[in-house]
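What follows is a single structure, written as structure tokens, with notes after it.
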Amino acid sequence: FTSGDFECRMEVTRKDEIGSLARSYNIMAEELSRVIIKDKRMMEALKVEIEGRKRVEEDLRKLFNAVEQSSCSVVITDTKGSIEYVNPRILKSGEQPSEEYKCLWDTITAGGEWQGEFHNKKKNGEFYWEYVSISPVKNDEGVITHFVAIKEDITEHKRVEDELREQRNQLESLTSQLTASNKELE
């Protein structure tokens with residue numbers, strides 16, 4: 001039994017105290033064998049559960065690191081707008097009209113996704129543009145429990161857009177002047 005042979009039993013041939021001890025040993029060995037087999041199954045199940053949890057923890061760790069290191073801001077709020085999580089890139093709100101915020105809240109509290117642009121102000125006072133996508137997070141019953149906002153700094157994109165618009169306007173102005181000059185020369 002001590003060597004791991006859980007099938008080991010005593011041969012019962014006597015009907016005296018020794019035979020009674022042998023029967024008791026066999027009953028105890030049978031019970032112990034069942035317990036050990038059950039424990040082995042439980043240990044295997046526990047091992048599988050622990051491995052599954054380790055995989056989930058690793059996935060969560062990867063997701064957390066991806067969010068923390070993202071160039072986008074990520075904000076999670078409760079249904080009242082109280083911030084529960086913010087990665088380090090969150091910056092203070094700026095100068096949006098209140099109607100836009102009302103539209104945003106009407107959309108997300110109704111279960112929809114809101115997307116738009118904000119002109120915000122950094123902690124150092126510098127203004128910047130961000131593209132924002134805000135979505136509700138629902139529990140298993142479909143009830144909104146939180147909101148998650150993904151924010152991307154698009155200041156450089158807006159700057160390039162403005163430059164292109166200005167160059168187009170200048171080109172259109174020059175084209176108009178050249179067209180007028182050509183008509184005068186005709």
Determine the minimum heavy-atom distance between [X] and [Y], stating which atoms define it.
X	Y	value
Ile144	Thr109	CD1-O, 3.6 Å
Glu84	Asp78	OE2-CB, 3.4 Å
Trp114	Ile108	CB-CG2, 4.0 Å
Glu100	Glu117	OE2-O, 3.8 Å

Taking the side chain as every heavy atom from C-beta outward, state whether Lys62 and Asp59 have any pair of such atoms under 4.5 Å apart.
-> yes
Are any non-hydrogen side-chain atoms of Leu104 and Ile134 less than 4.5 angstrom apart?
-> yes
Could you go through the salt bridge (charged side-chain N to carboxylate O under 4.0 Å, His left out) check for Glu44 and Lys40 one step at a time?
-> CA-CA 6 Å; Glu44 284 300 316; Lys40 279 186 175 181; over 6 Å; no
Spatial distance of atom [atom1] ([X]) from atom [atom2] ([Y]) [nearest 0.5 Å]:
X	Y	atom1	atom2	value
Glu49	Leu46	CD	CG	7.5 Å
Met28	Arg23	CE	CZ	15.0 Å
Trp129	Thr155	CH2	OG1	9.0 Å
Glu166	Asn169	CD	CG	8.0 Å
Leu164	Leu171	CG	CG	11.5 Å
Phe118	Ile154	CZ	CD1	11.0 Å

Between Ser133 and Glu113, is any side-chain donor less than 3.5 angstrom from a side-chain acceptor?
-> yes
Do you know which of Arg61, Arg55, Lys54 makes side-chain contact (heavy atoms from CB on, under 4.5 Å) with Glu58?
-> Arg61
[X] with [Y], same ILVMFWY side-chain cluster at under 4.5 Å:
X	Y	answer
Tyr25	Ile27	no
Leu63	Val137	yes
Phe64	Ile150	yes

Stepwise side-chain contact (heavy atoms from CB on, under 4.5 Å) check, Tyr128 with Asn120 = CA-CA 5 Å; Tyr128 70 101; Asn120 277 339; 3.4 Å; yes
Given Lys158, Lys151, Gln115, the one that forms side chain to side chain donor-acceptor pair (under 3.5 Å) with Tyr131 = Gln115
Which word best sums up how the rings of Trp105 and Phe147 line up, parallel for under 30°, tilted for 30 to 60°, or perpendicular for over 60°?
-> perpendicular
Heavy atoms of other groups near Glu17 CD, more than 12 under 6.0 Å | no
May I ask you to decide whether [X] forms a salt bridge with [Y], counting only side-chain N to carboxylate O separations under 4.0 Å?
X	Y	answer
Arg168	Glu172	yes
Arg159	Asp162	no
Arg14	Asp16	yes
Arg53	Glu57	no

